[in-house]
Amino acid sequence: MDLLDAFDAGLEEFGRRVHKVAPGQWTVGTPCTEWSVRDLVNHLVGEHLWAPWLLRGATIAEVGDRFEGDVLGDEPVKAWDQAVAESKSAFHRPGALDIEVHTSGGLTPASEYGWQMTSDLAVHAWDLARGIGADDTLDEDLAQAVWEYIEPQADSWRGAGIFGPAVKVPDSAPVQDQLVAFLGRRP
């Protein structure tokens, strides 16, 4: 699965769950113990608000604090839909993946940034599903692509505190279970 196909699948997976959040579920917890459902969706909406700016070459200083705090407002689903429409367009713009973007980690190839965003979408789609009690099954090709991207660098990310210690699962576990367990979640 190439990056843009994986990115689009990640958008679909997370977005499908955003659209399933019932009115009373925005405050319930998620496997990301510090985040409620609303916090989790706010995190992803914020990331996707940043993407068009970064993919146009903006620096972190130029974006500033415009996307800090609550970016969901009174209509979280609408905020999601608007943010991802612009993010998707920015990633699909011809040549968008051929540049470097400014991230908190410094200049980063846009393709690397795209895989980071895709990984976040996939894993947090699982988190959101668990938080709202929805089906947590991810697209198998997406789970495989994210696993192949994350697995070689997971130890350095884990050392940076991006996710917790791996949870043991059998070697025969489905790739989705291996992925979420590797990232510190209990499948």
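Quantities reported herein were computed from a predicted structural model and do not represent experimental measurements.
Of the possible donor and acceptor atoms, none in the side chain of S36 sits under 3.5 Å from a partner among the backbone N and O of V28. Not a single donor-acceptor pair under 3.5 Å links the side chain of R130 to the backbone N or O of L128. In this structure, N42 contributes its side chain and G69 its backbone to a donor-acceptor pair below 3.5 Å. With hydrogens and angles disregarded, no donor-acceptor distance shorter than 3.5 Å links the side chain of S87 to the backbone of A83. Listed for the T108 side chain is a donor-acceptor partner under 3.5 Å among the backbone atoms of G106. Of the possible polar contacts, one joining the D2 side chain to the D5 backbone as a donor-acceptor pair under 3.5 Å is found. For the pair D120 (side chain) and M117 (backbone), a donor-acceptor distance under 3.5 Å is absent. Here the side chain of Q176 pairs a donor or acceptor atom with the backbone of L138 at under 3.5 angstrom. Judged by distance alone, with hydrogens and angles left aside, the side-chain atoms of E13 form a donor-acceptor pair with the main-chain N or O of D139 at under 3.5 Å. Between the side chain of Q25 and the backbone N or O of A22 there is at least one donor-acceptor pair closer than 3.5 Å.
Annotation: cation-pi pair R66/W50 absent, no NZ/CZ under 6.0 Å from the ring centroid and within 45° of its normal.
The two residues A145 and M1 make their nearest non-hydrogen contact at CB-CB, 4.2 Å. Residues A143 and V175 approach most closely at CB-CG1, 4.0 Å, considering heavy atoms. Closest of all the heavy-atom pairs between A58 and V63 is CB-CG2, 4.1 Å. What you find for A122 and L142 is that their closest heavy atoms are CB-CD2, 3.9 Å. Nearest heavy atoms, D70 versus G73: OD1-N, 3.4 Å. When all heavy atoms are compared, the tightest approach of A96 to A90 is CB-O, 3.2 Å.
Contact of the V169 side chain with the P187 side chain is registered, since non-hydrogen atoms from C-beta on lie closer than 4.5 Å. At least one side-chain heavy atom of D8 sits under 4.5 Å from a side-chain heavy atom of H92. The shortest side-chain heavy-atom distance between T27 and R38 does not fall under the 4.5 Å cut-off. Inter-residue side-chain proximity for F182 and E151 is flagged as met; some heavy-atom pair is nearer than 4.5 Å. Counting heavy atoms from C-beta on, the side chains of D127 and R185 come closer than 4.5 Å. Side-chain contact between H124 and C32 is present, with at least one heavy-atom pair separated by less than 4.5 Å.
Here D171 contributes atom CG and K168 contributes atom NZ; the two are 7.5 Å apart, rounded to the nearest 0.5 Å. How far CD of Q82 is from CG of L49: 9.0 Å, rounded to the nearest 0.5 Å. Note that the CD atom of Q116 and the OG1 atom of T103 stand 6.5 Å from one another [nearest 0.5 Å]. Distance NZ/K88 to CG/L4: 9.5 Å, rounded to 0.5 Å.
In D135, the CG atom is crowded: over 12 heavy atoms of neighbouring residues, nucleotides or ligands sit closer than 6.0 Å. Residue R93 qualifies as enclosed at atom CZ: its count of foreign heavy atoms under 6.0 Å is above 12. Shown here is E148, whose CD atom has more than 12 heavy atoms of other residues, nucleotides or ligands within 6.0 Å.
With ring centers used as reference points, W115 lies 6.0 Å or more from F7.
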Item to check | Candidate pair H19 and W80, rule ring pair (Phe, Tyr, Trp, His ring centres under 6.0 Å), full reasoning | outcome: CA-CA 9 Å; H19 282 267; W80 163 257; 8.3 Å; no
Checklist entry - Which is it for V146 and T118 under the side-chain contact (heavy atoms from CB on, under 4.5 Å) test, yes or no, and what are the steps along the way? => result CA-CA 7 Å; V146 170; T118 300; 4.2 Å; yes
Next on the checklist: Could you go through E62 and W53, starting from their C-alpha distance and side-chain angles, then the distance that decides it, and tell me whether this counts as side-chain contact (heavy atoms from CB on, under 4.5 Å)?
Outcome noted: CA-CA 9 Å; E62 289 170 331; W53 288 79; 5.7 Å; no
Checklist entry - side-chain contact (heavy atoms from CB on, under 4.5 Å) between H48 and L11: does it pass, once the steps are laid out? => result CA-CA 10 Å; H48 288 275; L11 289 175; 3.7 Å; yes
Next on the checklist: Run Q144 and Y149 through side-chain hydrogen bond (donor to acceptor under 3.5 Å, both in side chains) and show every step you take.
Outcome noted: CA-CA 9 Å; Q144 182 67 45; Y149 166 72; over 6 Å; no
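Of the residues V41, D39, V77, the one that meets the side-chain contact (heavy atoms from CB on, under 4.5 Å) test with L72 is V41.
Aromatic ring pairs are classed by plane angle as parallel below 30°, tilted from 30° to 60° and perpendicular above 60°; the pair Y113 and F91 is parallel.
For the pair D136 and R17, the salt-bridge criterion is not met [side-chain N within less than 4.0 Å of a carboxylate O].
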